[in-house]
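These numbers come from the heavy atoms of this one structure, side chains and all, not from hydrogens, waters or symmetry mates. Chain A is the first sequence line, chain B the second, and so forth, proteins listed ahead of strands; every chain is numbered from 1.
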There are 2 protein chains.
Amino acid sequence: MDNVTLARYEARAQIAKALAHSTRLFIIDELSRRDICVCDLTEMIGADISTVSKHLTILKSAGLVQGRKHGAQIFYRLRCPCVLGFFGCMESVLKSVAEGNACCVA
Amino acid sequence: MDNVTLARYEARAQIAKALAHSTRLFIIDELSRRDICVCDLTEMIGADISTVSKHLTILKSAGLVQGRKHGAQIFYRLRCPCVLGFFGCMESVLKSVAEGNACCVA
DNA sequence: TGGCGATTTGGGAATATTGCCAAATGATGG
DNA sequence: CCATCATTTGGCAATATTCCCAAATCGCCA
């Protein structure tokens, strides 16, 4: 695997890593419904606000969300709704594993 | 976030984690073209065979690939081709980040 | 059965991630 | 300017991941 190819896969892996945490998946799911500020997300999640902020930083670095200032608050929004398609795929995988049968065909 | 909801997100995160490594993304990409045995994958990747075997174990535990014995070799195959859709999404994200414009709309 | 090639497992060191606290920064209104 | 609320950053301990080597296992054939 040459360096260019490797770099391509690492860039992709960075996005997958951003999705590889339950809290961040929750955030994306909620942001798919509406834009939410950090303090509201923090309350929903129940973790320290600095923890939530760092999760948002990871999602932002991956290009998945975007922050927009509104007064002292910062509202986050989903930048790439296509990731939601992946949620559906994850559900089919989980379902097929649970049932022991084949997975989605395409 | 109640426990049931959390468990659901953690199950999904497990799948995202399986995709969160360049080597494993490479493996999935190759397996989308044809079934390949561990030794061939090892040669393509250029890592220790035990490392490749562990990557395959992670993908298998996530329900993404499946091994099939053929003599002494084990051929792996993609169990859930729907993950390939995520590859396309990752490319749009990367492209939109590079160009600084909006991402995929759906 | 014995030996060989293919694969997995165990173990451990290097590295990365997670999540809290404390402190710094930013924005707003008095 | 000062106080206050919202958010980010720094730092650190706990935990998880990665990857090599060595050893164990598995399947086949002589």
Side-chain angles (χ1 to χ4, degrees), chain A residues 1 6-7 9-28 30-31 34-62 64-77 79, chain B residues 1 3 6-7 9-28 30-31 34-77 79:
Chain A
M1 187 156 39
L6 179 62
Y9 282 114
E10 282 187 341
R12 290 178 177 182
Q14 209 55 38
I15 295 176
K17 272 186 205 180
L19 295 173
H21 193 286
S22 53
T23 299
R24 295 195 290 269
L25 290 177
F26 172 81
I27 290 173
I28 287 185
E30 291 300 320
L31 292 187
R34 66 196 179 287
D35 296 359
I36 315 180
C37 68
V38 183
C39 58
D40 284 354
L41 278 171
T42 299
E43 189 167 356
M44 294 185 231
I45 292 165
D48 192 274
I49 188 172
S50 72
T51 300
V52 175
S53 176
K54 279 175 183 172
H55 280 306
L56 286 166
T57 300
I58 290 169
L59 288 171
K60 191 164 56 175
S61 304
L64 297 175
V65 308
Q66 200 168 26
R68 187 172 44 82
K69 289 188 180 161
H70 184 67
Q73 306 177 88
I74 300 188
F75 279 77
Y76 276 87
R77 69 182 302 178
R79 211 180 82 89
Chain B
M1 184 155 43
N3 277 343
L6 180 61
Y9 282 114
E10 281 185 342
R12 290 178 177 183
Q14 209 55 37
I15 295 175
K17 271 186 206 181
L19 296 173
H21 193 286
S22 52
T23 298
R24 295 195 290 269
L25 291 177
F26 172 80
I27 289 173
I28 287 184
E30 291 300 321
L31 292 187
R34 66 195 180 289
D35 297 359
I36 316 180
C37 68
V38 183
C39 59
D40 283 354
L41 279 171
T42 299
E43 188 167 357
M44 293 185 233
I45 291 166
D48 193 274
I49 189 172
S50 73
T51 300
V52 175
S53 175
K54 279 175 182 172
H55 281 306
L56 287 166
T57 300
I58 290 169
L59 289 172
K60 191 165 54 178
S61 304
L64 297 175
V65 306
Q66 198 170 29
R68 186 171 45 82
K69 288 188 180 163
H70 183 66
Q73 307 177 86
I74 299 188
F75 279 77
Y76 277 87
R77 68 181 301 175
R79 210 180 82 90

Atom [atom1] of [X] and atom [atom2] of [N]: how far apart are they, to the nearest Å?
| X | N | atom1 | atom2 | value |
| --- | --- | --- | --- | --- |
| I74(B) | dT7(C) | CD1 | P | 6 Å |
| I58(A) | dA16(C) | CD1 | C1' | 11 Å |
| I49(A) | dA24(C) | CD1 | C1' | 14 Å |
| H21(B) | dA16(D) | NE2 | P | 18 Å |
| D40(A) | dA6(D) | CG | P | 10 Å |
| R68(B) | dC26(D) | CZ | P | 20 Å |
| K69(A) | dT7(D) | NZ | C1' | 10 Å |
| K60(A) | dT8(D) | NZ | C1' | 9 Å |

On the nucleotide [N], are OP1 or OP2 found under 4.0 Å from the side-chain N or O atoms that [X] carries?
| X | N | answer |
| --- | --- | --- |
| Y76(A) | dA6(D) | no |
| K17(B) | dT17(D) | yes |
| S50(B) | dT8(C) | no |
| H55(A) | dT17(C) | no |
| T51(B) | dC19(D) | no |

| request: Would you indicate what L56(B) reaches in the nucleic acid, counting non-hydrogen atoms under 4.0 angstrom: base, sugar-phosphate, or nothing? | output: nothing
Of the listed dT8(D), dT18(D), dG5(C), the closest approach to the R24(B) side chain comes from dT18(D)
From the candidates dC20(C), dT8(D), dG10(C), the one with an atom nearest any side-chain atom of K54(B) is dG10(C)
Exercise. For K17(A), does its backbone N or O pair with a side-chain atom of R24(A) as donor and acceptor, under 3.5 Å?
Worked result: yes
Rounded to the nearest 0.5 angstrom, the OG-NZ distance for S53(A) and K60(A) is 7.5 Å
Interatomic distance, CG@L6(B) vs OG1@T23(A), rounded to 0.5 Å, equals 7.5 Å
Q. Side chains of L59(B) and L31(B): closer than 4.5 Å at any heavy-atom pair?
A. no
Contacts of V52(B) and H70(A) projected onto DNA chain C by closest heavy atom; the upstream (5') one is V52(B)
Can you classify the ring geometry of H21(A) versus H55(A) as parallel (below 30°), tilted (30 to 60°) or perpendicular (above 60°)? tilted
